[in-house]
Structures are given as C-alpha cells and as structure tokens.
Amino acid sequence: MKPRSPRLAVRAVILDDERRLLVVNAYPDGLSDLWAVPGGGVHAGASLPDNLAREVLEETGLPIAVGEPCLVNEFHDPASGFHQVDIYFRCRALGPMPDRWTDPEGVVTERRFVSRADLGRLRHKPDSLEAVAWGEGVLYLEEIADAPPP
C-alpha cells in the first residue's frame with residue numbers, strides 16, 4: 001500500500017491533585033476496551049496548544065492549561081498505510097470536570113481519573129503511558145503494526 005502523509009495529533013497528560021490520570025475511552029459507544037489520554041487531530045491554522053485545549057474540552061468538558069511536551073509517539077501500519085504522530089503535553093486542569101457533558105463528535109462517551117495501579121489493569125495506548133504520566137522521562141516511541149520479524 002502506498003504510504004500516506006502522517007496524521008498529526010496532540011494528547012494531554014493530566015494528573016489531578018490525588019495523582020490520578022485522566023483517561024478516555026477510545027471508540028464511539030464504548031465499542032472497545034482501549035483507553036488513552038484525551039486529544040486528537042490537529043487543525044491547520046491553530047497552534048498545537050490551542051488544538052489540544054479544544055480537543056480536551058470537546059472530549060471531557062474540562063478546560064486546561066497546556067504545559068511542556070513529554071512524549072512523541074509514532075504509529076504506523078504498513079498494511080493500511082495509516083501513520084500517526086502524537087505529541088503528548090503535560091497539562092493542568094483549570095477547573096472541575098463537569099458532571100454532565102457530551103462529546104460533540106460522539107467519539108468519547110466515558111472519561112475518568114485512574115490511579116497508576118488502575119491504569120496498569122486497563123488496556124491502554126501507548127504502552128509507555130504509565131511511565132510518561134508519572135514523570136519517568138521524555139520519550140520517543142515508534143510502534144509498527146504487524147511488523148515483520150527482524
């Protein structure tokens with residue numbers, strides 16, 4: 001398959017005062033058990049922090065302040081040609097998460113704060129999320145789906 005240009009996305013690593021990480025379900029109507037931190041595709045003409053603040057507000061109802069980058073994660077699937085680069089930022093909530101909220105795009109239907117132990121029991125991506133969220137370094141990762149053995 002002919003490779004396509006990579007999709008650029010931004011993601012928010014948000015820890016609350018109790019040191020729990022904000023995660024969202026990754027598929028509409030909860031059709032998957034995969035969890036990730038909130039974020040999404042970048043719109044041209046807006047900065048990465050502005051894109052991230054918009055995405056987090058849409059996906060969680062939570063206003064945020066965007067801080068420093070903490071992870072670049074690259075995923076590509078040679079079979080489909082899909083290639084995405086995610087830039088993760090440390091962020092801070094600017095208020096409480098509203099009890100009532102709806103993602104306008106209908107993708108995220110559940111969001112919650114989880115402890116480090118809870119995250120370890122959830123299927124989540126990227127695999128390095130736990131280390132990144134709890135401050136164990138800035139990382140670059142490349143994940144290749146169905147890569148042939150070396």
Side-chain angles (χ1 to χ4, degrees), residues 6-42 48-150:
R7 176 181 191 255
L8 181 60
V10 287
R11 306 249 172 235
V13 175
I14 304 167
L15 292 172
D16 70 1
D17 290 337
E18 297 173 35
R19 306 292 294 162
R20 295 176 306 156
L21 178 67
L22 179 61
V23 294
V24 297
N25 66 329
Y27 287 86
D29 299 322
L31 296 177
S32 173
D33 64 343
L34 183 64
W35 291 82
V37 294
V42 169
L48 296 178
D50 287 349
N51 273 286
L52 184 53
R54 172 188 48 78
E55 284 287 341
V56 172
L57 190 61
E58 287 175 1
E59 292 187 358
T60 68
L62 184 65
I64 62 165
V66 178
E68 73 277 1
C70 57
L71 171 66
V72 174
N73 186 65
E74 182 175 6
F75 174 82
H76 56 97
D77 179 3
S80 69
F82 180 76
H83 185 176
Q84 180 163 303
V85 176
D86 291 304
I87 302 173
Y88 289 69
F89 292 84
R90 295 199 187 284
C91 298
R92 178 176 50 84
L94 294 178
M97 196 159 46
D99 292 332
R100 299 182 60 105
W101 139 96
T102 303
D103 178 359
E105 294 187 13
V107 175
V108 173
T109 56
E110 188 176 351
R111 78 270 203 266
R112 63 174 124 152
F113 281 96
V114 297
S115 69
R116 189 171 189 166
D118 290 339
L119 182 65
R121 290 187 284 274
L122 294 175
R123 190 169 80 90
H124 63 275
K125 286 294 178 187
D127 294 340
S128 65
L129 183 56
E130 181 181 342
V132 170
W134 278 273
E136 296 170 9
V138 174
L139 303 170
Y140 168 79
L141 295 172
E142 181 178 22
E143 300 176 48
I144 302 172
D146 301 318

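The shortest heavy-atom contact between Cys91 and Ile64 is SG-CD1, 3.8 Å. Listed here is the closest heavy atom pair of Cys70 and Val132: SG-CG1, 3.6 Å. Nearest approach of Asn73 to Pro126, heavy atoms of both residues: OD1-CB, 3.8 Å. Across all non-hydrogen atoms, the minimal contact from Trp101 to Val108 is CH2-O, 3.5 Å. Between Arg20 and Phe113, the shortest heavy-atom contact is O-CD2, 3.3 Å.
In this structure, Leu71 and Ser128 have side chains that are in contact, with non-hydrogen atoms separated by less than 4.5 Å. Side-chain contact check for Pro6 versus His76: every heavy-atom pair is 4.5 Å or farther apart.
Contacts of Arg100 classified as side chain to side chain donor-acceptor pair (under 3.5 Å), with partners at least two apart in sequence or in another chain: none. Take Arg111 and apply the side chain to side chain donor-acceptor pair (under 3.5 Å) test, not counting sequence neighbours, and it matches no residue. Residues passing the side chain to side chain contact (heavy atoms under 4.5 Å, CB included) test with Leu15, sequence neighbours excluded: Arg19, Leu21, Trp134. In this structure Glu130 satisfies the salt bridge (charged side-chain N to carboxylate O under 4.0 Å, His left out) test together with Arg116, sequence neighbours excluded. Legend: residues meeting side chain to side chain donor-acceptor pair (under 3.5 Å) with Asp50, ordered by chain and number and at least two apart, are Ser47. Taking Gln84 as the reference, Arg7, Asp86 meet the side chain to side chain donor-acceptor pair (under 3.5 Å) condition, with sequence neighbours excluded.
Separating the OH atom in Tyr88 from the CG atom in Leu129 is a distance of 6.5 Å, to the nearest 0.5 Å. Here the CZ atom belonging to Arg11 is positioned 11.5 Å from the CD1 atom belonging to Ile87, to the nearest 0.5 angstrom. Once rounded to the nearest 0.5 Å, the distance linking CG of Asp77 with NE2 of His83 reads 11.0 Å. Atoms CG and CG, on Asp16 and Leu22 in that order, are 8.5 Å from each other to the nearest 0.5 Å.
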Please report, to 0.1 Å, the donor-acceptor pairs under 3.5 Å made by any side chain of residues 54-63, with sequence neighbours excluded.
unit_1 : atom_1 : unit_2 : atom_2 : d
Arg54  : NH2    : Gly41  : O      : 3.3
Arg54  : NH2    : Asn51  : OD1    : 2.7
Glu59  : OE1    : Gly39  : N      : 3.0
Thr60  : OG1    : Val56  : O      : 2.7
Thr60  : OG1    : Leu62  : N      : 3.1

As a quick check of understanding, evaluate side-chain contact (heavy atoms from CB on, under 4.5 Å) for Val42 and Leu48, giving each step before the final call. CA-CA 7 Å; Val42 169; Leu48 296 178; 3.8 Å; yes

Verdict with reasoning, Lys125 to Phe75, per side-chain contact (heavy atoms from CB on, under 4.5 Å): CA-CA 11 Å; Lys125 286 294 178 187; Phe75 174 82; over 6 Å; no

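Checked by atom type and distance alone, the side chain of Ser115 pairs as donor or acceptor with a backbone atom of Asp118 at under 3.5 Å. Between the Asn25 side chain and the Thr109 main chain, a donor and an acceptor come within less than 3.5 Å of each other.
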